[in-house]
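Taking it in order: structure first as structure tokens, then the write-up.
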Amino acid sequence: MNVAAQNCHDLFPAAGAQPSEMFEADAPAPGHYDTIFYLVRQTIGARHVTIQLDGEPRPPADEHMACLEHPLVTQGRRFGMLRAYAEQFESGASHLLAGFAVLVAEQHALWSEAHLDVLTKALTRRAFMSDLGRAAATFQRSGRQCSLIMFDLDHFKAVNDVHGHAAGDAVLRGVAHVVQAELRRCDILGRLGGEEFGVLVTADHLTALDIAERLRAVIEATVVRDYPQIDFTASLGVASMDAQTDTRDALIALADARLYAAKEGGRNRVQGAEEMMRAFALQAAE
């Protein structure tokens, strides 16, 4: 199955939001910048305003409208671009937009400080649980599919005991980095505590199993800078929203039970629903 070809929808779009004003999971939720967007429109006569985070494709340009843009920078590092579109801009609009870009960058920095784990840059447990709750509510309301992958690193205590906590921190950072690189932009990585992580994916169970297997393989193949001698693996449990598992807590409990089963089954493996595991194995063999 080509996971990259799967549609990757926003889990919780704000009511009335324009597609260009929606944000992915590693950025503030839709509506976070509404006040700034309103001020930009009122101050410089913009028809609409967008934020493009670095790494995202640029939205298609409207050739009938003029565009002003300014980079978004925090701590000397650019992370995106603020753009405003209008038939005609007021005098001094470029200078004013630069000021609004500073406000956006400050808001983004405050959001990151409150929602991102300092070590791994994954979402904090609290932020991840909030997103998981919204995904469950969306499933209950509209039936939009979502799955939870929970994983932790096998025998991680031995890494700290043998190589030290600096090495353990480096492993956690490395794992979070390679997992983030493997995921689609709409998939959400959170650090649940210690060496345990969760991944919320907008996918059915078979697709989630495929994603989990790729994560297992990429984690096993990871070489951590400064600690190339450390080998490590992960065990993963996968659960999906359905009629019997339709709340956040039920999804967590099922994914956690399957993570435990993966550990009991020998570690460095993925555990999902048994019947779906068989279907996944047949699909992979084709």
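FYI, side chains are in, hydrogens and waters are out, and symmetry mates aren't considered; it's all heavy atoms of this structure.
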Which atom pair, heavy atoms only, marks the closest approach of [X] to [Y]?
{"X": "L68", "Y": "A93", "value": "CD1-CB, 3.6 Å"}
{"X": "A66", "Y": "F89", "value": "O-CE1, 3.6 Å"}
{"X": "A105", "Y": "F79", "value": "CA-CZ, 3.9 Å"}
{"X": "A261", "Y": "Q271", "value": "CB-CG, 3.9 Å"}
{"X": "A46", "Y": "A86", "value": "CA-CB, 3.9 Å"}
{"X": "V238", "Y": "A212", "value": "CG2-CB, 3.7 Å"}

Any side-chain heavy atom of [X] within less than 4.5 Å of one from [Y]?
{"X": "N160", "Y": "F156", "answer": "yes"}
{"X": "F197", "Y": "V179", "answer": "no"}
{"X": "V49", "Y": "Y33", "answer": "no"}
{"X": "Q52", "Y": "E69", "answer": "no"}
{"X": "L200", "Y": "D187", "answer": "no"}
{"X": "D154", "Y": "F232", "answer": "no"}
{"X": "L116", "Y": "L123", "answer": "yes"}
{"X": "L215", "Y": "L183", "answer": "yes"}

Could you list the residues that satisfy salt bridge (charged side-chain N to carboxylate O under 4.0 Å, His left out) with [X], not counting sequence neighbours?
{"X": "E182", "answer": "R214"}
{"X": "D242", "answer": "none"}
{"X": "D117", "answer": "R191"}

Show your working on side chain to side chain contact (heavy atoms under 4.5 Å, CB included) between R184 and T202 and close with a plain yes or no. CA-CA 10 Å; R184 306 165 300 178; T202 55; 3.6 Å; yes
Crowding at [atom1], [X] (>12 non-hydrogen neighbours, <6.0 Å):
{"X": "Q229", "atom1": "CD", "result": "yes"}
{"X": "H163", "atom1": "NE2", "result": "yes"}
{"X": "R78", "atom1": "CZ", "result": "yes"}

I would like to know whether V171 and L153 meet side chain to side chain contact (heavy atoms under 4.5 Å, CB included); could you show each step before the answer? CA-CA 10 Å; V171 168; L153 302 184; 3.7 Å; yes
Can you check side chain to side chain contact (heavy atoms under 4.5 Å, CB included) on V175 and E195, steps first, answer last? CA-CA 10 Å; V175 167; E195 69 274 22; over 6 Å; no
[X], [Y]: one ILVMFWY side-chain cluster at the under-4.5 Å cut-off?
{"X": "Y38", "Y": "I36", "answer": "yes"}
{"X": "M81", "Y": "F37", "answer": "no"}
{"X": "I51", "Y": "V73", "answer": "no"}
{"X": "L172", "Y": "V199", "answer": "yes"}
{"X": "L254", "Y": "I188", "answer": "no"}

What's the separation between atom [atom1] in [X] and atom [atom2] in [Y], rounded to the nearest 0.5 Å?
{"X": "H48", "Y": "R41", "atom1": "NE2", "atom2": "CZ", "answer": "10.0 Å"}
{"X": "N268", "Y": "H155", "atom1": "CG", "atom2": "NE2", "answer": "10.0 Å"}
{"X": "I149", "Y": "L189", "atom1": "CD1", "atom2": "CG", "answer": "10.0 Å"}
{"X": "D169", "Y": "H165", "atom1": "CG", "atom2": "NE2", "answer": "8.5 Å"}
{"X": "T138", "Y": "M241", "atom1": "OG1", "atom2": "CE", "answer": "9.5 Å"}
{"X": "K263", "Y": "S235", "atom1": "NZ", "atom2": "OG", "answer": "4.0 Å"}

Under the rule for ring pair (Phe, Tyr, Trp, His ring centres under 6.0 Å), what residues qualify as partners of H205, not counting sequence neighbours? none
Listed partners of F128 passing ring pair (Phe, Tyr, Trp, His ring centres under 6.0 Å), at least two apart: none
Short question: side chain of [X], backbone of [Y] - any donor-acceptor pair under 3.5 Å?
{"X": "R216", "Y": "R269", "result": "no"}
{"X": "T120", "Y": "R173", "result": "no"}
{"X": "E196", "Y": "M150", "result": "no"}
{"X": "S147", "Y": "A203", "result": "yes"}

Pairing residues for D161 by the side-chain hydrogen bond (donor to acceptor under 3.5 Å, both in side chains) criterion, not counting sequence neighbours: K157
Side chain to side chain donor-acceptor pair (under 3.5 Å), that's the test. Do S130 and R134 meet it? Break it down for me. CA-CA 6 Å; S130 178; R134 284 196 289 270; 3.2 Å; yes
Say whether T207 and D204, considering side chains only, have a donor N or O and an acceptor N or O under 3.5 Å apart. yes
